[in-house]
Undergrad: 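Mind having a look at this structure? Questions to follow.
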Amino acid sequence: IMLHSTLALSLLLIAVSSNLAMAIKKEKRVPQTLSRGWGDEITWVQTYEEGLYQAKKSNKPLMVIHHLEDCQYCQALKKAFAENEEIQEMAQNNFVMLNLMHETTDKNLSPDGQYVPRIMFVDPSLTVRADITGRYSNRLYTYEPQDIPFLIENMKKALRLIQTEL
(Lines give C-alpha, C1' and ligand atoms only; values in the text may rest on other atoms or scores of the structure.)
Protein backbone atom coordinates (compact mmCIF):
# COMPACT_ATOMS: atom_id res chain seq x y z
CA ILE A 1 0.00 0.00 0.00
CA MET A 2 2.85 2.37 0.85
CA LEU A 3 4.38 1.87 -2.63
CA HIS A 4 1.01 2.47 -4.28
CA SER A 5 0.41 5.81 -2.55
CA THR A 6 3.97 6.97 -3.27
CA LEU A 7 3.44 6.21 -6.96
CA ALA A 8 0.11 8.04 -6.96
CA LEU A 9 1.67 11.04 -5.25
CA SER A 10 4.56 11.09 -7.77
CA LEU A 11 2.13 11.01 -10.68
CA LEU A 12 0.13 13.82 -9.11
CA LEU A 13 3.29 15.93 -8.68
CA ILE A 14 4.30 15.31 -12.30
CA ALA A 15 0.85 16.37 -13.51
CA VAL A 16 0.86 19.52 -11.36
CA SER A 17 4.39 20.56 -12.35
CA SER A 18 3.77 20.11 -16.08
CA ASN A 19 0.61 22.25 -15.80
CA LEU A 20 2.60 24.81 -13.88
CA ALA A 21 5.30 24.80 -16.56
CA MET A 22 2.67 25.44 -19.22
CA ALA A 23 1.17 28.25 -17.15
CA ILE A 24 4.61 29.82 -16.74
CA LYS A 25 5.28 29.53 -20.48
CA LYS A 26 2.01 31.35 -21.18
CA GLU A 27 2.89 34.04 -18.62
CA LYS A 28 6.15 34.84 -20.42
CA ARG A 29 4.30 36.14 -23.47
CA VAL A 30 2.10 38.55 -21.54
CA PRO A 31 4.24 41.72 -21.92
CA GLN A 32 3.71 41.53 -25.69
CA THR A 33 0.10 42.61 -25.23
CA LEU A 34 1.44 46.17 -25.09
CA SER A 35 2.21 45.83 -28.80
CA ARG A 36 -1.50 45.28 -29.55
CA GLY A 37 -0.40 43.96 -32.94
CA TRP A 38 1.78 46.91 -33.96
CA GLY A 39 5.01 44.92 -33.59
CA ASP A 40 5.88 42.23 -31.08
CA GLU A 41 9.64 42.76 -31.32
CA ILE A 42 9.29 46.41 -30.30
CA THR A 43 9.63 47.43 -26.66
CA TRP A 44 6.49 49.45 -25.94
CA VAL A 45 6.04 51.85 -23.04
CA GLN A 46 2.79 51.62 -21.14
CA THR A 47 1.85 55.27 -20.61
CA TYR A 48 2.45 58.67 -22.15
CA GLU A 49 4.25 59.79 -18.98
CA GLU A 50 6.58 56.80 -19.17
CA GLY A 51 7.16 57.58 -22.85
CA LEU A 52 8.14 61.18 -22.11
CA TYR A 53 10.50 60.03 -19.36
CA GLN A 54 12.16 57.43 -21.63
CA ALA A 55 12.45 59.90 -24.53
CA LYS A 56 14.23 62.43 -22.34
CA LYS A 57 16.44 59.80 -20.71
CA SER A 58 17.42 57.98 -23.92
CA ASN A 59 17.50 61.05 -26.18
CA LYS A 60 15.20 59.28 -28.66
CA PRO A 61 11.98 60.65 -30.12
CA LEU A 62 8.72 59.28 -28.77
CA MET A 63 6.28 58.01 -31.38
CA VAL A 64 2.67 58.00 -30.20
CA ILE A 65 0.11 55.96 -32.13
CA HIS A 66 -3.54 56.62 -31.24
CA HIS A 67 -5.86 53.86 -32.42
CA LEU A 68 -9.02 51.93 -31.56
CA GLU A 69 -9.63 48.21 -31.73
CA ASP A 70 -12.86 48.46 -33.76
CA CYS A 71 -11.59 51.02 -36.27
CA GLN A 72 -11.05 49.45 -39.71
CA TYR A 73 -8.59 52.20 -40.75
CA CYS A 74 -6.51 51.54 -37.62
CA GLN A 75 -6.52 47.80 -38.33
CA ALA A 76 -5.36 48.34 -41.92
CA LEU A 77 -2.60 50.73 -40.86
CA LYS A 78 -1.53 48.39 -38.04
CA LYS A 79 -1.15 45.50 -40.48
CA ALA A 80 0.98 47.57 -42.88
CA PHE A 81 3.01 48.97 -39.97
CA ALA A 82 3.65 45.53 -38.44
CA GLU A 83 4.63 44.00 -41.79
CA ASN A 84 7.10 46.73 -42.76
CA GLU A 85 10.64 45.69 -41.83
CA GLU A 86 12.14 49.15 -42.07
CA ILE A 87 9.53 50.65 -39.74
CA GLN A 88 9.84 47.77 -37.28
CA GLU A 89 13.62 48.07 -37.23
CA MET A 90 13.57 51.87 -36.69
CA ALA A 91 10.86 51.55 -34.06
CA GLN A 92 12.90 48.95 -32.18
CA ASN A 93 16.19 50.80 -32.26
CA ASN A 94 15.64 54.53 -32.63
CA PHE A 95 12.34 55.40 -30.99
CA VAL A 96 10.49 55.21 -27.73
CA MET A 97 7.22 53.61 -28.80
CA LEU A 98 3.71 54.01 -27.41
CA ASN A 99 0.37 52.94 -28.81
CA LEU A 100 -2.75 54.17 -27.04
CA MET A 101 -6.42 53.31 -27.26
CA HIS A 102 -7.43 56.34 -25.20
CA GLU A 103 -6.65 60.05 -25.32
CA THR A 104 -4.04 61.63 -23.08
CA THR A 105 -4.59 64.81 -21.08
CA ASP A 106 -1.92 66.47 -23.25
CA LYS A 107 -3.90 68.62 -25.68
CA ASN A 108 -0.74 69.02 -27.80
CA LEU A 109 -1.28 65.44 -28.96
CA SER A 110 -4.59 66.37 -30.58
CA PRO A 111 -3.90 69.72 -32.26
CA ASP A 112 -6.49 69.12 -34.97
CA GLY A 113 -8.87 66.71 -33.25
CA GLN A 114 -9.04 63.33 -31.54
CA TYR A 115 -9.38 61.10 -34.59
CA VAL A 116 -7.77 57.71 -35.12
CA PRO A 117 -5.45 56.47 -36.40
CA ARG A 118 -3.18 59.35 -35.46
CA ILE A 119 0.60 59.24 -35.21
CA MET A 120 2.58 62.02 -33.57
CA PHE A 121 6.19 62.50 -32.61
CA VAL A 122 7.54 64.06 -29.43
CA ASP A 123 11.23 64.98 -29.39
CA PRO A 124 13.51 64.38 -26.40
CA SER A 125 13.10 68.01 -25.29
CA LEU A 126 9.45 66.89 -24.84
CA THR A 127 8.13 69.09 -27.64
CA VAL A 128 5.23 67.63 -29.62
CA ARG A 129 6.28 67.97 -33.26
CA ALA A 130 3.27 69.55 -34.93
CA ASP A 131 5.55 70.05 -37.95
CA ILE A 132 5.77 66.32 -38.74
CA THR A 133 2.53 65.67 -40.56
CA GLY A 134 1.00 63.16 -42.95
CA ARG A 135 -0.47 63.77 -46.39
CA TYR A 136 -3.98 64.86 -45.48
CA SER A 137 -4.83 68.49 -44.78
CA ASN A 138 -8.07 67.63 -42.97
CA ARG A 139 -6.40 65.14 -40.61
CA LEU A 140 -2.77 66.14 -40.37
CA TYR A 141 -1.50 63.16 -38.39
CA THR A 142 -3.34 60.29 -40.00
CA TYR A 143 -1.74 57.70 -42.25
CA GLU A 144 -3.23 55.04 -44.51
CA PRO A 145 -1.55 51.74 -45.45
CA GLN A 146 -0.36 53.23 -48.75
CA ASP A 147 1.29 56.08 -46.79
CA ILE A 148 3.85 53.77 -45.17
CA PRO A 149 6.75 55.22 -47.26
CA PHE A 150 5.64 58.67 -46.11
CA LEU A 151 5.57 57.53 -42.48
CA ILE A 152 9.10 56.14 -42.89
CA GLU A 153 10.21 59.56 -44.18
CA ASN A 154 8.59 61.22 -41.17
CA MET A 155 10.33 58.82 -38.79
CA LYS A 156 13.64 59.74 -40.43
CA LYS A 157 12.72 63.41 -40.19
CA ALA A 158 12.04 63.03 -36.46
CA LEU A 159 15.48 61.46 -36.05
CA ARG A 160 17.18 64.18 -38.13
CA LEU A 161 15.59 66.94 -36.06
CA ILE A 162 17.29 65.58 -32.95
CA GLN A 163 20.68 65.74 -34.63
CA THR A 164 20.17 69.26 -35.96
CA GLU A 165 18.15 70.98 -33.24
CA LEU A 166 18.88 69.47 -29.86
Side-chain angles (χ1 to χ4, degrees), residues 27-166:
E27 269 311 289
K28 276 221 171 88
R29 285 203 302 263
V30 165
Q32 292 310 1
T33 55
L34 281 180
S35 84
R36 299 186 182 94
W38 290 89
D40 288 342
E41 302 304 311
I42 296 167
T43 305
W44 297 90
V45 294
Q46 205 155 357
T47 63
Y48 183 51
E49 293 66 31
E50 186 192 346
L52 293 174
Y53 172 78
Q54 292 293 345
K56 200 172 180 65
K57 196 176 91 165
S58 65
N59 198 37
K60 291 178 177 177
L62 167 64
M63 183 174 181
V64 184
I65 304 170
H66 284 94
H67 63 107
L68 290 170
E69 209 48 65
D70 54 4
C71 151
Q72 67 188 54
Y73 304 104
C74 301
Q75 294 296 351
L77 181 63
K78 179 194 295 190
K79 189 177 184 310
F81 187 98
E83 287 171 359
N84 185 288
E85 283 179 28
E86 190 175 1
I87 283 188
Q88 292 293 307
E89 200 263 332
M90 273 198 289
Q92 276 173 54
N93 300 317
N94 309 108
F95 287 84
V96 175
M97 298 294 296
L98 172 66
N99 70 76
L100 287 176
M101 293 197 287
H102 58 84
E103 290 295 333
T104 66
T105 52
D106 187 346
K107 294 287 171 266
N108 296 313
L109 282 182
S110 51
D112 64 342
Q114 299 190 337
Y115 52 85
V116 289
R118 189 168 87 248
I119 299 180
M120 299 200 68
F121 297 93
V122 184
D123 69 32
S125 75
L126 308 188
T127 305
V128 176
R129 300 307 307 219
D131 54 344
I132 304 180
T133 55
R135 295 193 315 142
Y136 307 97
S137 55
N138 59 334
R139 292 185 164 197
L140 291 175
Y141 308 98
T142 202
Y143 297 85
E144 294 185 346
Q146 65 269 24
D147 302 328
I148 287 293
F150 205 81
L151 179 57
I152 290 171
E153 279 313 302
N154 278 346
M155 289 172 81
K156 290 177 178 169
K157 183 176 177 183
L159 293 171
R160 273 197 309 275
L161 286 170
I162 295 176
Q163 267 102 55
T164 56
E165 287 185 13
L166 305 177

Undergrad: With S110, which residues qualify under side-chain contact (heavy atoms from CB on, under 4.5 Å), at least two apart?
TA: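 E103, Q114, R118.
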Undergrad: To the nearest 0.5 Å, tell me how far F150 CZ sits from T133 OG1.
TA: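 It comes to 6.5 Å.
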Undergrad: Which residues pass the side-chain contact (heavy atoms from CB on, under 4.5 Å) test with E86, not counting sequence neighbours?
TA: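 With neighbours one apart ignored, the set is N84, M90, I152, K156.
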Undergrad: Of all residues at least two apart in sequence or in a different chain, which pass the side-chain contact (heavy atoms from CB on, under 4.5 Å) check with Q46?
TA: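 With sequence neighbours excluded, Q46 shows a side-chain contact (heavy atoms from CB on, under 4.5 Å) to L34, E50, given in chain and number order.
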Undergrad: Report the residues that fulfil ring-ring contact (aromatic ring centres under 6.0 Å, His included) with Y141, sequence neighbours left out, ordered by chain and then residue number.
TA: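 Partners of Y141 under the ring-ring contact (aromatic ring centres under 6.0 Å, His included) test: none.
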Undergrad: Enter the distance from Q88:CD to N93:CG here, rounded to the nearest 0.5 Å.
TA: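 Between Q88 CD and N93 CG, I get 11.0 Å after rounding to 0.5 Å.
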Undergrad: Below 4.5 Å, heavy atoms only, C-beta onward: do D147 and L77 meet side chain to side chain?
TA: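 Of all side-chain heavy-atom pairs linking L77 with D147, none is under 4.5 Å.
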Undergrad: Any salt bridge (charged side-chain N to carboxylate O under 4.0 Å, His left out) involving residues 72-84? Give me the pairs, sequence neighbours left out, ordered by first then second residue.
TA: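 Sorted result for residues 72-84: E69-K78, K79-E83.
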Undergrad: Given side chains that start at C-beta, do those of V96 and S58 come closer than 4.5 Å, heavy atoms only?
TA: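 In short, these two side chains touch, coming nearer than 4.5 Å.
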Undergrad: Only counting residues at least two apart or in another chain, list the ones meeting side chain to side chain donor-acceptor pair (under 3.5 Å) with N94.
TA: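 For N94, no residue satisfies side chain to side chain donor-acceptor pair (under 3.5 Å) once neighbours in sequence are set aside.
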Undergrad: Kindly give the heavy-atom pair with the smallest separation between V45 and G51, and that separation in Å.
TA: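 For V45 and G51, the tightest heavy-atom pair comes out as CG2-CA, 3.7 Å.
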Undergrad: For A91 and I42, work out which heavy atoms get closest and say how close.
TA: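 Closest approach of A91 to I42: CB-CD1, 3.5 Å.
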Undergrad: According to side chain to side chain donor-acceptor pair (under 3.5 Å), who are the partners of D106, at least two apart in sequence or on a separate chain?
TA: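 D106 satisfies side chain to side chain donor-acceptor pair (under 3.5 Å) with Y48, N108 once adjacent residues are dropped.
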Undergrad: Could you pull out the closest heavy-atom pair between P117 and T142, with the gap in Å?
TA: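 Closest approach of P117 to T142, heavy atoms only: O-OG1, 2.8 Å.
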Undergrad: Under the side chain to side chain donor-acceptor pair (under 3.5 Å) test, which residues partner Q92, sequence neighbours left out?
TA: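 Side chain to side chain donor-acceptor pair (under 3.5 Å) check on Q92 returns nothing, list empty.
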Undergrad: Apply side chain to side chain donor-acceptor pair (under 3.5 Å) to E153 and list each qualifying residue two or more places apart in sequence or on a separate chain.
TA: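 E153: no side chain to side chain donor-acceptor pair (under 3.5 Å) contacts found.
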Undergrad: To check you understand the geometry: which heavy-atom pair defines the closest contact between L109 and T104, and what is its length?
TA: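 In this case the closest contact between L109 and T104 is CD1-OG1, 3.5 Å.
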Undergrad: By the ring pair (Phe, Tyr, Trp, His ring centres under 6.0 Å) test, which pairs, at least two apart or in different chains, include something from residues 53-81?
TA: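 Residue pairs with at least one partner in residues 53-81: W38-H67, W38-F81.
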Undergrad: Using modelled atom types and a 3.5 Å cut-off, is there a donor and acceptor pairing between side-chain atoms of K60 and backbone atoms of Q54?
TA: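 Checking the backbone N and O of Q54 against the side chain of K60, no donor-acceptor pair under 3.5 Å is found.
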Undergrad: So, using side-chain contact (heavy atoms from CB on, under 4.5 Å) as the criterion, who are the partners of A80 when residues are at least two apart?
TA: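 Partners of A80 by the side-chain contact (heavy atoms from CB on, under 4.5 Å) criterion, ordered by chain and then number, come out as P145, I148.
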Undergrad: What pairs of residues pass the salt bridge (charged side-chain N to carboxylate O under 4.0 Å, His left out) test when at least one of them lies in residues 87-99, not counting sequence neighbours?
TA: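 As it turns out, there is no salt bridge (charged side-chain N to carboxylate O under 4.0 Å, His left out) pair with a partner in residues 87-99 once direct neighbours are skipped.
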Undergrad: Please give me the minimum heavy-atom distance between A158 and F95, naming the atom from each residue.
TA: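 Shortest heavy-atom contact: CB-CE2, 4.1 Å.
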Undergrad: What's the shortest heavy-atom distance between F121 and I132, and which atoms?
TA: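 Where F121 meets I132 most closely, the heavy atoms are CD1-CG2, 3.6 Å.
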Undergrad: Is a side-chain N or O of N154 found less than 3.5 angstrom from the main chain of L151, in a donor-acceptor match?
TA: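 No.
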Undergrad: State whether the side chain of R36 and the backbone N or O of N99 hold a donor-acceptor pair below 3.5 Å, judged by distance alone.
TA: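 Yes: the side chain of R36 pairs with the backbone of N99.
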Undergrad: Atom NZ of K56 and atom CG of D123: how far apart are they, to the nearest 0.5 Å?
TA: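 These two atoms lie 9.5 Å from each other.
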Undergrad: With a 4.5 Å heavy-atom cut-off, do W44 and I65 have their side chains touching?
TA: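 The answer is yes, as the side chains (C-beta and beyond) meet within the 4.5 Å cut-off.
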Undergrad: Can you tell me how far the CD atom of Q72 sits from the CG atom of D70, to the nearest 0.5 Å?
TA: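 That separation rounds to 10.0 Å.
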Undergrad: Between atom CG of L100 and atom CG of L68, what is the distance when rounded to the nearest 0.5 Å?
TA: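 If I round to the nearest 0.5 Å, the distance is 10.5 Å.
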